[in-house]
Amino acid sequence: MKMKKKVPFLLVLMLLIGAVLAGCSLKGNSTVDNSSKDGVTTLLMYQIGDKPENFDVLMENVNKKTEKELGVRVNLQYIGWGDYEKKMSVIVSSGENYDIAYANNYVTNAQKGAYADLTELFPKYAKEAYDMLDPAYIEGNTVNGKLYAFPVNGNVYAQTMFSFNKQYIDKYNLDLSNVKAYKDLEPLLKVIKENETEVMPFSVGQGFRVLPNMDFVLGNGMPFAVDLNGDTSKIINQYDNEQMKENLRIMHQYYNEGYIAKDAATSNTEYPLNSGTWFIRQETQGPYDYGDTLLSTVAEQPIVSKAITDPIKSTAQAQMANFVVSSNSKNKEKAVEFLGLLNSDPDLLNGLIYGEEGKAWEKVGENKVKLLDGYKSNNHMAAWNTGNNKIVYVQDSITDEQITQRDENIANATSSPILGFTFNTDSVKTEITNISNVMSQYLDGLNTGTLDPDKAIPELNEKLKGAGYEKVREEMQKQFDAFQASKN
């Protein structure tokens with residue numbers, strides 16, 4: 001799920017199963033003096049999302065520990081989902097003095113020199129956390145040979161899934177065994193359309209993307225991809241790929257059949273995960289989701305999912321939740337020490353992820369917890385963008401076999417051929433902007449099935465040609481060839 005209405009499950013899960021890292025003061029603002037006082041350094045930290053209701057209580061416990069062990073307190077400033085990118089852009093461009101932030105436009109800002117080089121600081125001041133990272137995190141966040149990110153160790157790989165509201169699967173005794181692609185959904189959607197007039201058969205709206213087995217150099221909103229089922233050495237326009245075209249034709253058919261909302265391309269309508277207003281939705285899942293366990297927990301109802309892409313370690317997953325240290329920070333070492341402690345101390349991290357111990361949860365084993373009546377969605381923080389999932393306790397419903405399988409899946413997942421490839425856009429910035437403007441005219445229409453791809457794609461390609469697409473693709477291919485050669 002993408003944020004709010006269109007966010008992949010990862011973000012909704014994170015909003016509900018956890019929220020975000022926090023700081024010690026609710027009174028601080030962006031002008032707070034993040035300096036040392038009485039031997040204690042106050043770190044100013046920016047985080048995306050909404051503040052837990054029990055923020056003060058959670059962070060009082062955190063700051064007691066960090067002050068004792070590191071001589072550090074954290075003043076975290078929350079910035080809402082919809083405002084984060086704009087406000088952080090202003091903060092970065094103005095050179096404001098802060099210490100830690102959830103990364104925004106990571107590669108671009110790293111290349112601009114906005115973030116501190118952590119290549120040596122990370123393993124020196126946060127060695128335990130560094131050693132627990134999957135190598136894909138380092139590879140996926142290395143920019144021009146240097147590491148600027150402190151990644152949250154979590155779902156290093158992901159798969160796109162069709163997730164089904166199980167109540168309707170059971171009600172109509174539907175068979176999911178043959179569901180492997182978009183074309184396989186038609187008979188299931190038909191049943192719901194004919195029998196459940198208040199239910200949206202396919203939860204599709206603005207921001208939805210048809211996701212074939214591909215990886216994307218500049219994100220799935222731009223026409224530069226590698227076909228994981230084809231020649232992985234070539235950069236292509238995914239909208240010229242035959243499998244992609246066929247998927248878009250199927251989506252257009254579903255749209256015409258009424259399986260998708262008529263205003264899907266412009267709709268902000270939400271189909272809440274914990275409601276019965278939807279039948280199928282598209283989600284992403286990774287190893288720390290334990291199949292449908294966490295999705296069903298968040299939905300407060302059983303959900304069943306079927307994978308339609310392979311498990312891939314990608315740059316997007318490696319950069320899913322990065323923390324960065326400002327290049328202007330006067331407390332770089334302390335900032336890395338704090339992030340290191342947060343990502344290596346189970347007691348510290350789990351007190352944020354689950355909330356107050358004894359009220360929201362209790363430990364029932366070496367690495368397992370039981371949720372109590374005090375566990376609420378707004379009184380704890382999120383695993384995905386708070387800290388190292390490897391040391392987060394699991395709910396007691398998760399078996400030891402599932403944990404073993406999780407680790408095996410991580411080890412066996414394939415790395416994308418473009419993992420770690422960073423495209424330098426300096427010579428084609430104007431063309432990139434032009435291409436982005438063209439894509440914005442077609443993305444939602446094509447992906448929601450609103451537009452007929454056999455008519456819209458030729459129009460799209462003609463406009464891309466005029467925007468300088470081939471110049472960009474050739475430069476990208478040249479750089480990608482060099483990247484591939486450097487790995488051999």
Side-chain angles (χ1 to χ4, degrees), residues 12-28 40 42-43 45 47 49-78 128-129 132 152-154 273-274 288-290 293-301 321 337-400 402-403 406:
V12 169
L13 172 62
M14 305 137 195
L15 283 168
L16 299 174
I17 274 230
V20 258
L21 214 167
C24 69
S25 173
L26 286 169
K27 298 178 181 179
V40 176
T42 297
L43 301 175
M45 179 174 181
Q47 176 62 293
D50 301 312
K51 184 169 54 187
E53 290 187 0
N54 58 345
F55 175 87
D56 285 332
V57 174
L58 295 179
M59 294 315 297
E60 180 182 358
N61 295 331
V62 169
N63 283 306
K64 283 180 182 178
K65 182 157 193 154
T66 58
E67 185 171 340
K68 178 180 179 181
E69 297 196 17
L70 304 176
V72 160
R73 293 180 68 84
V74 180
N75 172 30
L76 182 122
Q77 302 289 312
Y78 282 92
E128 189 174 355
M132 280 189 273
V152 172
N153 189 20
L273 193 65
N274 62 351
Y288 286 95
D289 298 326
Y290 303 99
T293 301
L294 292 187
L295 184 57
S296 296
T297 299
V298 173
E300 300 177 333
Q301 62 178 335
E337 282 185 355
F338 166 71
L339 290 171
L341 183 65
L342 178 69
N343 285 273
S344 61
D345 187 315
D347 290 337
L348 178 62
L349 181 59
N350 283 278
L352 296 176
I353 299 302
Y354 288 108
E356 293 181 75
E357 185 174 5
K359 291 185 178 180
W361 61 282
E362 63 183 10
K363 202 171 179 184
V364 293
E366 183 179 352
N367 65 343
K368 294 186 178 182
V369 299
K370 177 182 178 181
L371 300 183
L372 305 177
D373 291 342
Y375 180 85
K376 306 295 181 184
S377 62
N378 56 0
N379 67 3
H380 57 88
M381 306 176 184
W384 78 283
N385 69 340
T386 298
N388 181 6
N389 283 219
K390 196 174 183 65
I391 62 171
V392 172
Y393 303 140
V394 299
Q395 294 182 41
D396 53 0
S397 60
I398 303 297
T399 66
D400 292 340
Q402 285 178 290
I403 296 174
R406 174 201 72 190

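Remember, it's a predicted structure, so these values are computed and weren't measured experimentally.
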Once rounded to the nearest 0.5 Å, what's the spacing between atom OG1 of Thr66 and atom CG of Asn63?
4.5 Å

For Asp400, enumerate each residue passing the side chain to side chain donor-acceptor pair (under 3.5 Å) test, keeping only those at least two apart in sequence or located in another chain.
Lys368

Hey, mind stepping through Lys51 and Met59 against side-chain contact (heavy atoms from CB on, under 4.5 Å) and telling me if it holds?
CA-CA 11 Å; Lys51 184 169 54 187; Met59 294 315 297; over 6 Å; no

For Asn75 and Thr42, indicate whether the former's side chain and the latter's backbone hold a donor-acceptor pair under 3.5 Å.
no

Which atom of Ile391 lies closest to which atom of Leu349, heavy atoms considered
CG1-CD2, 3.7 Å

Inter-residue atom distance Leu295.CG - Leu273.CG, 0.5 Å rounding
5.0 Å

Can you see which heavy atom on Tyr78 is nearest to which on Pro52, and at what distance?
OH-CD, 3.4 Å

Take Val392 and Thr386 through the test side-chain contact (heavy atoms from CB on, under 4.5 Å) and record every step on the way to the result.
CA-CA 10 Å; Val392 172; Thr386 298; over 6 Å; no

What pairs with Glu67 under side chain to side chain donor-acceptor pair (under 3.5 Å), at least two apart in sequence or on another chain?
Arg73

Give a yes or no on whether the backbone of Met132 and the side-chain of Asn153 come within a donor-acceptor separation of less than 3.5 Å.
yes

Non-neighbouring partners of Lys359 that pass salt bridge (Lys or Arg N to Asp or Glu O under 4.0 Å), sequence neighbours left out
Glu356

Partners meeting side-chain contact (heavy atoms from CB on, under 4.5 Å) with Lys370 (sequence neighbours left out)
Glu362, Val364, Asp396

So how far is it from Ser296 OG to Asn274 CG, rounded to the nearest 0.5 Å?
12.5 Å

Heavy atoms from other residues, nucleotides or ligands near CD of Gln402 exceed 12 (cutoff 6.0 Å):
yes

Hey, is the main chain of Tyr290 close enough, under 3.5 Å, to the side chain of Thr293 for a donor-acceptor pair?
yes

To the nearest 0.5 Å, what is the distance between CH2 (Trp384) and CG (Asn389)?
11.0 Å

Please check: side-chain N/O of His380 versus main-chain N/O of Ile353, any donor-acceptor pairing under 3.5 Å?
yes

Side-chain donor-acceptor contacts of residues 339-348 below 3.5 Å, not counting sequence neighbours, with atom names and distances?
from: Asn343; atom 1: OD1; to: Asn388; atom 2: N; distance (Å): 2.8
from: Asn343; atom 1: ND2; to: Leu339; atom 2: O; distance (Å): 2.7
from: Ser344; atom 1: OG; to: Gly340; atom 2: O; distance (Å): 2.7
from: Asp345; atom 1: OD1; to: Asp347; atom 2: N; distance (Å): 3.0
from: Asp345; atom 1: OD1; to: Leu348; atom 2: N; distance (Å): 3.0
from: Asp345; atom 1: OD2; to: Lys65; atom 2: NZ; distance (Å): 2.9
from: Asp347; atom 1: OD1; to: Tyr393; atom 2: OH; distance (Å): 3.4

Contact summary for Tyr354 and Tyr375, nearest pair of heavy atoms
O-CD1, 3.7 Å

With no hydrogens and no angle check, do the side chains of Glu53 and Asn379 hold a donor and an acceptor under 3.5 Å apart?
no

Report yes or no: does Trp361 contribute a side-chain atom to a donor-acceptor pair with the main-chain N or O of Gly355 at less than 3.5 Å?
yes

For residues 383-394, which residue pairs qualify under salt bridge (charged side-chain N to carboxylate O under 4.0 Å, His left out), counting only residues two or more places apart or in two chains?
none

Rounded distance (nearest 0.5 Å) linking atom CD of Glu337 with atom CG of Leu43:
9.5 Å

Rounded to the nearest 0.5 Å, the CG atom of Asp50 sits from the CE atom of Met381 at a distance of 12.0 Å

Test of understanding: with side chain to side chain donor-acceptor pair (under 3.5 Å), list the residues that count as partners of Glu300, not counting sequence neighbours.
none

